[in-house]
**Q** 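Here's a structure for you.
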2 protein chains.
Amino acid sequence: MAGRAAEPEVIWARPERSGRGPRPAYSRADIAAAAVRIADAEGLDAVSMRRVAAELGCGTMSLYNYVPRKEDLYELMVDAAGGEHELWEPSGDWRADMLRVAHQTRDLMHRHPWLPRLMSPVYGFSPNALRYLEHCLACLDPMPGPQGTKLELIAMLNGIVTTYVTNELATAERARSLPWSQEQENAVRGAYLMSRVASGAYPRMAAAFAEDPGPIDLEAVFERALTRVLDGFDPRR
Amino acid sequence: MAGRAAEPEVIWARPERSGRGPRPAYSRADIAAAAVRIADAEGLDAVSMRRVAAELGCGTMSLYNYVPRKEDLYELMVDAAGGEHELWEPSGDWRADMLRVAHQTRDLMHRHPWLPRLMSPVYGFSPNALRYLEHCLACLDPMPGPQGTKLELIAMLNGIVTTYVTNELATAERARSLPWSQEQENAVRGAYLMSRVASGAYPRMAAAFAEDPGPIDLEAVFERALTRVLDGFDPRR
DNA sequence: TCGTAGTTACGTACACCGTACGTAGTGCGC
DNA sequence: GCGCACTACGTACGGTGTACGTAACTACGA
């Protein structure tokens, strides 16, 4: 019987190769890379077991030898993306290091727009996620206080980055599978919103739209959000 | 031809009743209520067009007269949940008011655990969402600064609450459709995590797990996170 | 008042999904 | 060299969203 257990299972706990039987034709890395390739090129919704198997050049059900459930395929993808995190020797300035981490995560999500959708606390302990977490904690060594607080900070920053990038990408990832362009969608939604606001029922929203903020600098908004969170955690303030 | 347009469409922009033809058998509120009932009782994954139609007592395809795409059904659900937000006369203390808003949102998400999964910036402008936004801005009237900053604060708080509740619920919503219990899942994942940490490869993670934080007060973590964000936005600090 | 156009209602059908199950072939460990 | 655990994979089932066609109904313009 193959690995389709009726019990919960962590894919990272099962060995990639178990000695007996024919040598597996693909590695976990191969499979993850195939899925990531598809998701990058055609969007997350294009990642189906059949599609990934086809990309690998094997039968659909062969995939289930490697990946008991589709969810585990997602976990492989998130881990593969996490492997792109470039780690460094902590500088001693934990605030600067955490800012750098956050920016790197944001870049990662831009490179793989499907990542935010798969980023859930559930997939938190893949090998690369552990590597990443340990690195963050190392960066936070100079920060006083209990480890628990540091974990809180890391979680908070990750949450902010995910939320922010989700906003940034908006419908971009979803739009790939729609029959119309994102510009069309934004135009229609914008027109509707303007008509509602113009109705006069929402005076403060109207004021918000009326005020001219100058050129909107999303980058600055992001930076400000991070700084605010770091301030909130900085014991020197 | 029914409303299946090849153009993007905002469901709130189309009239519920268009005069001509037979009187529609159901209102948008009926449909939303049916979907919400199913999602509350059986989880979001149980909400299919067929299932909702059955709950209403009509044919599957009849639903498409009211809801051109499934996504719009989700939008109806989010709006219906948003209608449960109880608004009040702003107190004059914007920090206190925003805390109250955040707690209410959290309660809402506990009542409807599928909400965080559907909470995306895309569904941001349903009637009840606009009501909610306007109310938040009213609460923020005493706060100095441009409206843009206030919108940033609201977005940030919503993001925090969503992230936090997602963590809180963890696999709870997902677990409903799995053949094993959430306790089993947590046990297996916990055991795996412990084994990895015990390997010695992640000394700082090990330290984090080793330190005894006393009883973990999730409520306090939430409160602290909110306070930190409010601090970051408070011009008096 | 009556035809007709626009709507509602809904059954059928299609392409896709995740995956349970059974079977055949392969190669390591004893 | 035997046996068995493992890989490979075809078939099939029950589900999904939804395109399309048809029949019934109602409110409006003539």
Side-chain angles (χ1 to χ4, degrees), chain A residues 1-7 9 11 14-28 30-31 35 38-39 42-77 174 177-180, chain B residues 1-7 9 11 14-28 30-31 35 38-39 42-77 174 177-180:
Chain A
M1 181 64 72
R4 296 160 223 149
E7 286 180 10
E9 189 178 9
I11 192 169
R14 65 147 80 177
E16 250 202 282
R17 173 118 171 77
S18 46
R20 285 286 251 290
R23 164 171 300 275
Y26 313 99
S27 70
R28 251 171 223 168
D30 291 337
I31 295 169
I38 296 168
E42 305 167 44
L44 184 58
D45 292 337
V47 176
S48 72
M49 296 301 272
R50 283 172 237 263
R51 183 76 183 71
V52 172
E55 180 85 10
L56 284 169
C58 70
T60 306
M61 294 315 290
S62 308
L63 249 192
Y64 281 90
N65 288 318
Y66 302 87
V67 169
R69 289 163 299 130
K70 188 182 185 186
E71 205 180 47
D72 294 309
L73 178 63
Y74 286 150
E75 208 151 344
L76 253 49
M77 293 174 68
R174 194 179 62 94
S177 59
L178 290 180
W180 48 74
Chain B
M1 185 60 70
R4 294 160 227 152
E7 286 181 9
E9 189 178 9
I11 191 169
R14 66 147 78 177
E16 250 201 282
R17 173 119 172 75
S18 46
R20 285 287 252 288
R23 165 172 300 274
Y26 313 98
S27 71
R28 251 171 223 168
D30 292 336
I31 295 170
I38 295 168
E42 305 166 45
L44 183 58
D45 292 336
V47 176
S48 72
M49 296 301 272
R50 283 173 237 265
R51 183 76 183 72
V52 172
E55 178 86 10
L56 284 169
C58 71
T60 305
M61 294 316 288
S62 309
L63 248 192
Y64 281 89
N65 288 319
Y66 303 87
V67 169
R69 288 163 299 132
K70 189 184 185 187
E71 205 179 48
D72 294 309
L73 178 62
Y74 287 150
E75 208 151 345
L76 254 48
M77 292 175 68
R174 194 178 62 93
S177 58
L178 290 181
W180 49 74

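To find a chain, count down the sequence lines: A is the first, B the second, and so on, and within it residues start at 1.
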**Q** State plainly whether the residues B:Glu42 and B:Arg51 are in salt-bridge range, i.e. N to O under 4.0 Å.
**A**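 Salt bridge: yes.
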**Q** I need the CZ-P distance between A:Arg69 and C:dA20, as an integer number of Å.
**A**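 About 10 Å, once rounded to whole Å.
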**Q** Is B:Tyr66 touching bases, backbone alone, or none of the nucleic acid, heavy atoms closer than 4.0 Å?
**A**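 Result for B:Tyr66 = sugar-phosphate.
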**Q** Could you state the CD1-P distance from B:Ile31 to C:dT8, rounded to the nearest angstrom?
**A**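 Those two atoms, CD1 and P, are 11 Å apart.
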**Q** For a side-chain contact (heavy atoms from CB on, under 4.5 Å) with B:Val52, tell me which candidate from B:Thr60, B:Ile38, B:Leu76 qualifies.
**A**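 Of all the options given, the one that passes is B:Ile38.
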**Q** So, the side chain of A:Tyr66 versus the backbone of A:Ser27: is there a donor-acceptor pair under 3.5 Å, distance only?
**A**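 No; zero donor-acceptor contacts below 3.5 Å.
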**Q** Using atom CG of B:Leu63 as one end and atom P of D:dA19 as the other, report the distance to the nearest whole Å.
**A**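 In whole Å, D:dA19 P and B:Leu63 CG are 14 Å from each other.
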**Q** Just the rounded figure in Å: distance from C1' of C:dG18 to CG of A:Asn65.
**A**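 Going from A:Asn65 (CG) to C:dG18 (C1'), I get 16 Å.
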**Q** Are any protein N/O atoms closer than 3.5 Å to N/O atoms in nucleotides 11-17 of chain D? If there are, list each pair with its distance.
**A**
residue : atom : partner : partner atom : Å
D:dT16  : OP1  : B:Ser48 : OG           : 3.0
D:dG17  : OP1  : B:Lys70 : NZ           : 2.7
D:dG17  : OP2  : B:Met49 : N            : 3.1
D:dG17  : N7   : B:Arg50 : NH2          : 2.6
D:dG17  : O6   : B:Arg50 : NH2          : 2.9

**Q** Within the 4.0 Å heavy-atom criterion, would you say B:Ala25 contacts the bases, only the backbone, or no part of the nucleic acid?
**A**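 The residue B:Ala25 makes sugar-phosphate contact but no base contact.
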**Q** Using whole Å, report how far CZ of B:Arg23 lies from P of D:dA24.
**A**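 Atom-to-atom, B:Arg23 to D:dA24, this comes out as 22 Å.
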**Q** For A:Ala53 and A:Gly59, which heavy atoms make the closest approach, and how far apart are they?
**A**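 Closest heavy-atom pair between A:Ala53 and A:Gly59: CB-O, 3.6 Å.
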**Q** Below 4.5 Å, heavy atoms only, C-beta onward: do A:Glu75 and A:Val67 meet side chain to side chain?
**A**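 A:Glu75 does not reach A:Val67 side chain to side chain.
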**Q** What pairs with A:Glu16 under salt bridge (charged side-chain N to carboxylate O under 4.0 Å, His left out), at least two apart in sequence or on another chain?
**A**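 Salt bridge (charged side-chain N to carboxylate O under 4.0 Å, His left out) check on A:Glu16 returns nothing, list empty.
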**Q** In this structure, how many angstroms lie between the P atom of D:dA8 and the CG atom of A:Leu56, rounded?
**A**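 Value for this atom pair: 11 Å.
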**Q** According to a strict under-4.0 Å criterion, is A:Thr60 in side-chain N/O contact with OP1 or OP2 of D:dC9?
**A**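 Looking at the OP1 and OP2 atoms of D:dC9, neither is under 4.0 Å from any side-chain N or O of A:Thr60.
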